[in-house]
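Read through the structure below, which is laid out as structure tokens, and then see the notes.
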There are 2 protein chains.
Amino acid sequence: MIKVLLVDDHQLFGEGMRSMFTAEDGIAIVKVTTNGHQIPTILKDLEIDVILLDISMPQIDGIGVMELLKNEGFDLPVLMLTMHKEMKYIRRTLEKGAQGYILKDASKPELVEAIQKVSRRENYFHPKINNQIFDYLRGGKGSNAADLINELSEREIEIIGCLAKGMNGRAVAEALFISEHTVKTHRRNIMHKLGTKNTAELITFSIEQGII
Amino acid sequence: MIKVLLVDDHQLFGEGMRSMFTAEDGIAIVKVTTNGHQIPTILKDLEIDVILLDISMPQIDGIGVMELLKNEGFDLPVLMLTMHKEMKYIRRTLEKGAQGYILKDASKPELVEAIQKVSRRENYFHPKINNQIFDYLRGGKGSNAADLINELSEREIEIIGCLAKGMNGRAVAEALFISEHTVKTHRRNIMHKLGTKNTAELITFSIEQGII
DNA sequence: GTAATAATACCACTTTGGGGGTATTAAAGC
DNA sequence: GCTTTAATACCCCCAAAGTGGTATTATTAC
């Protein structure tokens, strides 16, 4: 019997999931919580094999929960269970060490397979996610999108994030404690690397490609 | 026994809901579909008391389903069951004749109460929704993000789309066969409506809010 | 018939963005 | 040691964005 902790802010979804699994499935949702902050307490009380984790939650989001688990020293396989199929979320959660990624429009047999695999420390990706990753890696015209992104430095991604918030050159400079000239240089380098004509296109591209 | 049809694109949610109700609840989810277009066929085959309807779905959204039901001459109480608490959605569905509105982060007893009320042709609004409506009426239009979007005209959305592609004022003007001055006026009005400081923030906001 | 809205267009002005350079420093790779 | 890369910073210049107005016309709403 695989013991699962479900973290999802939608109570109804949680209750539904809980009553969906019977002894025959070999899977039991032993606990449901809507607040990620409660996870450490729960893990100390209960024996858990797999964590089923949603991304968009009010108190602390899925990414935050992954960081929390790492900082607290918990080493449990995490299966992301979410409605988001955007590359941005997939990439972020995998970077944080998620063992698998499945969508809420999956079927029960698919979820069972995913939980079983993840409990054995195998990776699971929903077929739709695989396609998404494939498209992502294949990228745009001629050049590889993933490579373009890899060419960006951490600082450059930081700059993009600031610009996306509507900050202008001066605001970014003040926020990062650097000169306006430097911000300008960074922006220029970024646009050159990504092949965008202006900041507006840079933002669109960055969001589409999951850079920010 | 209240017989319910659930329309939701997330298979897992549907299966969970189905197994959540037992005979004791006096409620049975007799059918789950992920495609709103199948509703007329289902209603002709099965006896249904209440329709539980999600809003965001790929083939046809909740608003579209409401229209479909009306056009086909079906008169069944509809309870909206969705994650969206934005006034935009609440208002639209109520305009189309929804009998109630409940959120996915409600509890099972709340849902049971909602289904019972709606089946008796009484209205049901989740407490959080009531607050939302109260805020809306108190703050007037344009008081939250979702309503800001409704204030945009079709032309303005078209302009945003062009800007997101990296087109500058002149390029947009040429594409839409209008003057650069007009584009500038539109952009200004859009930024004023959405409360953004510059084009970069405008793009971020528009993508996040699903305007483009 | 009047009020409100959407789409159009213009003027004048200031600020910011975007393109061309060049250069120094520290860290990382070979 | 030498080279490469990332991050920093400055110069000049012009185009574009952004801000303050005003205004006409057609359509929709009441």
Side-chain angles (χ1 to χ4, degrees), chain A residues 95 143-144 146-207 211-212, chain B residues 88 91-92 95 140-143 146-207 209 211-212:
Chain A
E95 278 171 6
S143 56
N144 190 314
D147 285 342
L148 288 177
I149 293 156
N150 290 334
E151 280 182 19
L152 293 174
S153 70
E154 286 303 312
R155 193 58 153 177
E156 285 167 342
I157 291 171
E158 205 175 358
I159 302 271
I160 297 173
C162 290
L163 295 174
K165 284 181 197 154
M167 293 161 75
N168 64 18
R170 182 159 60 255
V172 176
E174 282 167 10
L176 304 182
F177 306 106
I178 53 178
S179 151
E180 282 189 57
H181 298 290
T182 308
V183 175
K184 190 167 252 190
T185 304
H186 278 308
R187 190 203 306 234
R188 195 187 341 188
N189 291 338
I190 293 164
M191 289 204 291
H192 192 248
K193 283 182 181 178
L194 300 185
T196 54
K197 289 183 295 297
N198 52 39
T199 305
E201 191 184 9
L202 167 63
I203 301 298
T204 306
F205 184 84
S206 298
I207 294 178
I211 298 172
I212 52 171
Chain B
K88 175 172 77 171
R91 188 155 46 78
R92 281 187 187 167
E95 278 169 6
K141 73 172 184 179
S143 59
D147 285 317
L148 292 177
I149 296 157
N150 289 335
E151 285 184 15
L152 292 175
S153 69
E154 287 302 312
R155 194 58 153 178
E156 285 167 343
I157 291 170
E158 204 174 357
I159 302 271
I160 296 173
C162 290
L163 296 174
K165 284 180 197 153
M167 294 162 75
N168 64 16
R170 182 159 60 254
V172 176
E174 282 168 7
L176 303 181
F177 305 106
I178 53 178
S179 151
E180 283 188 56
H181 299 289
T182 308
V183 175
K184 193 168 250 192
T185 304
H186 279 307
R187 191 203 304 235
R188 189 182 352 188
N189 292 338
I190 294 165
M191 289 202 292
H192 192 250
K193 283 181 182 178
L194 300 185
T196 54
K197 290 182 294 297
N198 53 40
T199 305
E201 192 184 8
L202 166 64
I203 301 300
T204 306
F205 184 85
S206 300
I207 295 177
Q209 297 297 321
I211 298 172
I212 52 171

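Remember, predicted model here, so these are calculated numbers, not experimental data. Quick note on labels: first sequence line is chain A, next is B, and so on, each numbered from 1.
- For B:K184, the side chain to side chain donor-acceptor pair (under 3.5 Å) test picks out no residue, with sequence neighbours left out.
- The distance between atom CZ of A:R155 and atom C1' of D:dA9, rounded to the nearest whole Å, is 13 Å.
- With sequence neighbours excluded, the residues satisfying side chain to side chain donor-acceptor pair (under 3.5 Å) with B:T199 are B:R187.
- Distance B:K197 NZ to D:dT19 C1': 16 Å, rounded to the nearest Å.
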Mind listing the N/O atom pairs, protein and nucleotides 21-23 of chain D, below 3.5 Å?
residue : atom : partner : partner atom : Å
D:dG21  : O6   : B:R188  : NH2          : 3.1

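- Atom CD1 in A:I159 sits roughly 17 Å away from atom P in C:dT16 (whole-Å rounding).
- Checking side-chain atoms of A:T204 against main-chain N and O of B:A164 turns up a donor-acceptor pair under 3.5 Å.
- Put simply, NE2 on A:H192 is 15 Å from P on C:dG18, counting in whole angstrom units.
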Every protein N/O within reach of nucleotides 14-17 of chain D N/O, cut-off under 3.5 Å:
residue : atom : partner : partner atom : Å
D:dA16  : OP1  : B:R170  : NH2          : 3.1
D:dA16  : OP2  : B:R170  : NH1          : 3.2
D:dA17  : OP1  : B:R187  : NH2          : 3.4
D:dA17  : OP2  : B:G169  : N            : 3.2

> Tell me, for nucleotides 24-30 of chain C in 5' to 3' order, what letter each nucleotide earns: B for a base near a protein heavy atom under 4.0 Å, S for only sugar-phosphate near one, - for neither?
Replying inline: -------
Considering only nitrogen or oxygen atoms on both sides, find all protein atoms under 3.5 Å from nucleotides 27-30 of chain D and state each distance.
none

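- The stretch residues 154-169 of chain A participates, sequence neighbours left out, in these salt bridge (charged side-chain N to carboxylate O under 4.0 Å, His left out) pairs: A:R155-A:E158, A:E156-A:K193.
- Residues that satisfy the salt bridge (Lys or Arg N to Asp or Glu O under 4.0 Å) test with A:E180, not counting sequence neighbours, are absent from this structure.
- Within the 4.5 Å cutoff, no side-chain heavy atoms of A:S206 are placed close to those of A:T196.
- To the nearest 0.5 Å, atoms CG (B:L152) and CG (B:N189) are separated by 10.0 Å.
- Here the CD1-CG distance, from B:I203 to B:L163, works out to 5.5 Å after rounding to the nearest 0.5 Å.
- Rounded to whole Å, atom P of C:dA6 lies 9 Å from atom CG of B:N189.
- Remark: B:R188 pairs with no residue by the side chain to side chain donor-acceptor pair (under 3.5 Å) rule, at least two apart or across chains.
- Here CD1 of A:I160 is found 9.5 Å from CZ of A:F205. Values are rounded to the nearest 0.5 Å.
- Taking the salt bridge (Lys or Arg N to Asp or Glu O under 4.0 Å) definition, one finds that B:R170 meets it with nothing, sequence neighbours left out.
- Proximity of A:H186 to the phosphate of D:dA7: no side-chain N or O atom is located under 4.0 Å from OP1 or OP2.
- Per the geometry, CD1 belonging to B:I190 stands 14 Å off C1' belonging to D:dG18, to the nearest Å.
- Nearest heavy atom pair, residue B:G166 against residue A:N198, reads O-ND2, 2.7 Å.
- Taking the side chain as every heavy atom from C-beta outward, B:L176 and B:V183 never approach each other to under 4.5 Å.
- Listed in residue order, the members of residues 174-182 of chain A having a heavy atom less than 4.0 Å from DNA chain D are A:I178, A:S179, A:H181, A:T182.
- The end-to-end axis angle of the helix from C:dG1-D:dC30 to C:dC30-D:dG1, rounded to 10 degrees and based on five pairs per end, is 70°.
- In this structure, the separation between OG on A:S179 and CD on A:E174 is 11.5 Å, given to the nearest 0.5 Å.
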